[in-house]
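Okay, so here's the structure we're looking at.
Within every chain, numbering begins at 1; the chains are lettered A, B, ... in the order of the sequence lines, protein sequences first and strands thereafter. No hydrogens, no waters, no symmetry mates; every other heavy atom, side chains included, goes into these values. From a predicted model like this one, the values you see are computed outputs, not experimental measurements.
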2 protein chains.
Amino acid sequence: MPRSQRTPFVILGLLGISNRQPRSGYEIKKAIDTVVSSFWHESNGQIYPALKRLASSGLIEIRADIKKGRPKKLYLITPKGRERLRAWLASPIEIGRPRDELMLKLFFGSETDIPTLIGHVEAHRDRAKGMLEKCSQWEKENSANPGSHRPFFNLTLGAGTALSEANLRWAEESLRILATMPAAKAKS
Amino acid sequence: MPRSQRTPFVILGLLGISNRQPRSGYEIKKAIDTVVSSFWHESNGQIYPALKRLASSGLIEIRADIKKGRPKKLYLITPKGRERLRAWLASPIEIGRPRDELMLKLFFGSETDIPTLIGHVEAHRDRAKGMLEKCSQWEKENSANPGSHRPFFNLTLGAGTALSEANLRWAEESLRILATMPAAKAKS
DNA sequence: TAGCACATGTAATAAGTTACATGATTTT
DNA sequence: AAAATCATGTAACTTATTACATGTGCTA
């Protein structure tokens, strides 16, 4: 959805929270794919050009550029970059325009057969289950480390848990409903 | 998210379920903006070119072309189009890559102040409330018309209700948590 | 007669993905 | 010695939005 240009802010955010630790593009990509992967993604095709633009506008700076051995550029957020990040964090949330293919296919349900729909909802249920497991895994790690309170991560964790529970419950309820429906159109 | 090209299938789906009733591009856009708006969207810049491509590949056909008076092209799905729609409905759901700006901003919460975060979560709570109201409105209309069972719409309605309830509960819980946090960084 | 809803479309631009190229280092 | 991982990047392409152009018919 072509909108504001949020890639630079994800980078700024990750450099912002990694306190004074310079990070490489590769590390940023890794972080996106692991720690925020359940609510954000970026491709290399977005990250590396954004890094260049951020550096040339002085919002980040190259702190180390290891040429010998493995090539690696380490970036650090500048005060100007922190300011820009803060401004973005305070700006209103851009609501993502909805594009939920499962809902669309269910809505067009009369044009296909019940077993097909059941398959889609089962897959959705399994994804929700997987997500829920991931969340409780994180919660377990949290209580194992009582020293490190990560209050903001915990808010997002709570959302993940709440949403996947709701998805799971809805899927199971919907599967019960679908099971009672006449298989009007036989499978092909 | 550049993926399969789903616009034509939304069109095919809407023409598919509007039993034998030919529809104009304008009506299709209207339908998207009203009946499926909570889980899908399309712009005119997508719809009209897609309509052309669908017609030239024989998946839809112009049933009426009113030139006199208000210009209007009415499209109807062809048997070939129905086949294509069915195949798409049976194909696996393409999972939308996540891009949840609220979660991202919460995750970077340490880089801003608590009142800012509270503002974002309040806005989210209000959106969830609005959605929930819309859902119960639809449910009311459903029980008012006991004759017309719309089982597939009801599945999507159930999802809308479940998800917005979960969002609402999470938001309220999170606001309680945020209220207890020290306003470490004062507002600017 | 002004304004709104109806109606169809296009051009410029932006955002984002995919797939690849390139090469170093570490692990098996 | 092969394979995996670390590491940086680019080019071609697709999808999508935004903003506009153009015109009709109805209604206040």
Can you name the closest pair of heavy atoms from [X] and [Y] and give their distance?
X	Y	value
B:Ala50	B:Ile11	CB-CD1, 3.7 Å
A:Trp40	B:Glu101	CZ3-N, 3.6 Å
A:Glu42	A:Ile32	N-CG2, 3.7 Å

Out of [options], which nucleotide sits closest to the side chain of [X]?
X	options	result
B:Arg97	D:dA16, C:dT18, C:dG16	C:dT18
B:Lys30	D:dA16, C:dC6, D:dC6	C:dC6
B:Gln46	C:dA7, D:dA16, C:dT17	D:dA16
A:Pro71	C:dG16, C:dG9, C:dA24	C:dA24
A:Ser43	C:dG9, C:dT18, D:dA16	C:dT18

Can you tell me how far [atom2] of [N] sits from [atom1] of [X], to the nearest Å?
X	N	atom1	atom2	value
A:Glu42	D:dG9	CD	P	16 Å
B:Phe9	D:dA16	CZ	P	13 Å
A:Asn44	C:dA21	CG	P	16 Å

For this session: Indicate, with a heavy-atom threshold strictly under 4.0 Å, whether B:Gly45 touches base, sugar-phosphate, or nothing.
Result: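 Since a base atom lies under 4.0 Å of B:Gly45, the category is base.
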
Which part of the nucleic acid, if any, lies within contact of A:Gln5, taking any heavy atom under 4.0 Å across all strands shown: a base, the sugar-phosphate backbone alone, or nothing?
->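 Since only primed, P, OP1 and OP2 atoms lie under 4.0 Å of A:Gln5, the category is sugar-phosphate.
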
When you match A:Lys72 and A:Lys52 each to their closest nucleotide on DNA chain D, which lands nearer the 5' end?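 Between the two, 5'-proximity favours A:Lys72.
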
Both B:Arg70 and B:Lys73 contact DNA chain C. Which one's nearest nucleotide lies toward the 5' end?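 Per heavy-atom nearest nucleotide, the more 5' residue is B:Arg70.
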
Q) Looking at A:Ser24, does any N or O in its side chain come under 4.0 Å of the phosphate oxygens OP1/OP2 on D:dC6? A)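 Result: no.
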
**Prompt:** Would you say A:Tyr26 reaches D:dT8's phosphate, i.e. side-chain N/O to OP1/OP2 under 4.0 Å?
**Reply:**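 Indeed not, no polar side-chain atom of A:Tyr26 lies that close.
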
Please lay out, stage by stage, how A:Thr78 and A:Glu61 fare under the test side chain to side chain donor-acceptor pair (under 3.5 Å). CA-CA 7 Å; A:Thr78 63; A:Glu61 54 177 9; over 6 Å; no

Report task. Using the side-chain contact (heavy atoms from CB on, under 4.5 Å) rule, pick out the option among A:Thr156, A:Leu157, A:Asn154 that qualifies with A:Trp138. Result ->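 Exactly one pass, corresponding to A:Leu157.
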
